[in-house]
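Lettering of chains follows the sequences in order, A, B, ..., and the numbering in each one begins at 1.
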Amino acid sequence: MPELPEVETVARGLREALPGRRILDVRLGKTDFIENPAAIEEQLPGKQIRAVKRHGKFLLLELASANTDEAAHELVLLIHLGMTGQIVTCPPEAPVPLHTHVFLALDDGKELRYTDIRRFGSMQLLVDGARAKALQSLGADPLEMTEAQFKAAVGARRARVKALLLDQHVMSGMGNIYTDEALWRARIHPMRIGATLKRDEMARLYRAVRDVLTEAIRLRGSSVSDYVDSKGQRGEFQLRHRVYQRDGKKCFRCGATIRRAIVAGRSSHFCPKCQRAPRKVKA
DNA sequence: CTTACGGCCTGGGTGC
DNA sequence: TGCACCCAGGCCGTAA
């Protein structure tokens with residue numbers, strides 16, 4: 001699933017292929033995941049892609065009018081990959097995978113394609129001030145948070161730490177895989193309440209979140225099911241998973257059996273020995 | 001304000 | 001071989 005490291009890997013790939021390119025043509029398949037498909041069909045042709053940005057799990061393509069005499073509007077294509085979204089550049093004659101719903105013809109002869117089996121992703125064209133509004137409720141990127149900001153965000157809440165790390169308003173970019181992996185590294189049980197974390201636990205968690213995300217970016221993300229980068233290549237961090245989908249197997253640290261439980265409505269994987277359950281919360 | 005939960009969507013796996 | 005069923009989870013809307 002695309003979480004921060006996967007989206008960052010896609011963004012880095014797109015930065016090599018897109019800036020400076022002009023969009024010549026737009027073709028759409030199913031559009032129920034696009035906020036305003038007509039706007040995309042009408043506005044994108046002729047626009048130049050200026051930059052590729054990432055905010056949490058969102059990709060932003062910054063666009064500009066190719067005509068300099070047109071009034072300058074801030075125009076951004078906001079893309080979320082959901083669970084199964086893939087965004088790839090390829091020659092237009094390359095075979096079209098099933099569930100490919102957006103085709104952008106580019107002025108270098110390549111095509112930018114969006115494929116999304118389950119259509120949990122989303123696409124939205126933001127004009128002028130809409131960008132700030134769309135992103136304002138999202139928390140900071142965990143890789144850009146200071147330890148003090150992290151403590152303030154997590155330590156002030158009575159929700160389970162698993163839910164807090166997953167909450168994009170607390171910090172944006174963590175999903176189920178990296179949340180479980182970070183909690184294992186920090187030796188903190190997913191059901192612990194944020195406000196009850198001790199100083200050293202909070203420090204370990206901050207460290208663990210940053211380390212796991214940084215290492216996952218280095219290995220180009222985790223390809224568990226559908227994830228591929230902008231060149232269609234799989235990541236390798238799934239080979240380094242220590243708990244995610246390893247229930248029934250042995251903990252790499254202590255040899256106990258990894259367990260799975262539903263926490264915050266999500267399947268959660270943890271070592272019952274390294275990550276001690278809180279007393280009051282039922283396991 | 002908080003947390004909980006159903007719904008969206010498809011494919012892969014399982015059990016009968 | 002087919003088919004019903006469940007599960008994966010990011011995010012949003014609604015309910016309590």
A.B. asks: Expressed as a whole number of angstroms, how long is the span from A:L98:CG to B:dG12:P?
C.D. replies: 10 Å
A.B. asks: Within the 4.0 Å heavy-atom criterion, would you say A:Y244 contacts the bases, only the backbone, or no part of the nucleic acid?
C.D. replies: sugar-phosphate
A.B. asks: Can you check the A:Q245 CD to C:dA8 P distance for me, whole Å?
C.D. replies: 8 Å
A.B. asks: Please report the distance, rounded to the nearest Å, between CG in A:L164 and C1' in B:dT2.
C.D. replies: 12 Å
A.B. asks: Side-chain donor-acceptor pair under 3.5 Å between A:R50 and A:Q48, yes or no?
C.D. replies: yes
A.B. asks: Is there a side-chain contact between A:K57 and the phosphate of C:dC11, meaning an N or O under 4.0 Å from OP1 or OP2?
C.D. replies: yes
A.B. asks: Counting side-chain heavy atoms from CB outward, which of C:dC11, B:dA4, C:dG10 is closest to A:R160?
C.D. replies: B:dA4
A.B. asks: Indicate whether OP1 or OP2 belonging to B:dT10 is found under 4.0 Å from a side-chain N or O atom of A:K30.
C.D. replies: yes
A.B. asks: Side chain of A:H80: nearest nucleotide among B:dG11, C:dC11, C:dA8?
C.D. replies: C:dC11
A.B. asks: Do the rings of A:F237 and A:Y178 sit parallel, tilted or perpendicular, given the 30° and 60° boundaries?
C.D. replies: tilted
A.B. asks: If the cut-off is 4.0 Å, is A:R158 near the phosphate of B:dT2, judged by side-chain N/O to OP1 or OP2?
C.D. replies: no
A.B. asks: Are A:V26 and A:L60 linked, directly or through other ILVMFWY residues, by side chains that come within less than 4.5 angstrom of each other?
C.D. replies: no
A.B. asks: A:R242 versus A:R185: any side-chain heavy-atom pair under 4.5 Å?
C.D. replies: no
A.B. asks: Side chain of A:R260 only, please: which of B:dT10, B:dT3, C:dC7 is the nearest?
C.D. replies: C:dC7
A.B. asks: Rounded to whole angstrom units, what separation is found between the CG atom of A:L165 and the P atom of B:dT3?
C.D. replies: 13 Å
A.B. asks: What does A:S267 touch in the nucleic acid at a heavy-atom separation under 4.0 angstrom: a base, only the sugar-phosphate, or nothing?
C.D. replies: sugar-phosphate
A.B. asks: Measure from CD1 on A:I193 to C1' on B:dT2 and round the result to the nearest Å.
C.D. replies: 12 Å
A.B. asks: For B:dC9 and A:H99 - does any side-chain N or O of the residue sit under 4.0 Å from the phosphate oxygens OP1/OP2?
C.D. replies: no
A.B. asks: Taking CD1 from A:I262 and P from B:dC5, how many angstroms apart are they, rounded to a whole number?
C.D. replies: 11 Å
A.B. asks: May I have the distance from A:D116 (atom CG) to B:dC8 (atom C1'), rounded to whole angstrom?
C.D. replies: 12 Å
A.B. asks: Any side-chain N or O of A:R157 under 4.0 Å from OP1/OP2 of B:dT2?
C.D. replies: yes
A.B. asks: Can the ring centroids of A:F270 and A:H189 be said to lie less than 6.0 angstrom from one another?
C.D. replies: yes
A.B. asks: Which comes earlier along DNA chain C counting from the 5' end, the contact point of A:H269 or that of A:H169, where each point is its nearest nucleotide?
C.D. replies: A:H269
A.B. asks: Is A:R266 side chain donor-acceptor paired with the C:dG10 base, going by distance under 3.5 Å alone?
C.D. replies: yes
A.B. asks: For the pair made of CD1 in A:I34 and P in B:dC8, what is the distance, rounded to whole Å?
C.D. replies: 20 Å
A.B. asks: Mind checking A:G265 for me? I need base, sugar-phosphate or nothing, with any heavy atom below 4.0 Å counting as a touch.
C.D. replies: nothing
A.B. asks: A side-chain contact here means heavy atoms from C-beta on lying under 4.5 Å apart; do A:R54 and A:D141 qualify?
C.D. replies: yes
A.B. asks: Looking at A:Q168, does any N or O in its side chain come under 4.0 Å of the phosphate oxygens OP1/OP2 on C:dC11?
C.D. replies: yes
A.B. asks: Determine the Euclidean distance between corresponding P atoms of C:dC6 and B:dG6; express it in Å to zero decimal places.
C.D. replies: 13 Å
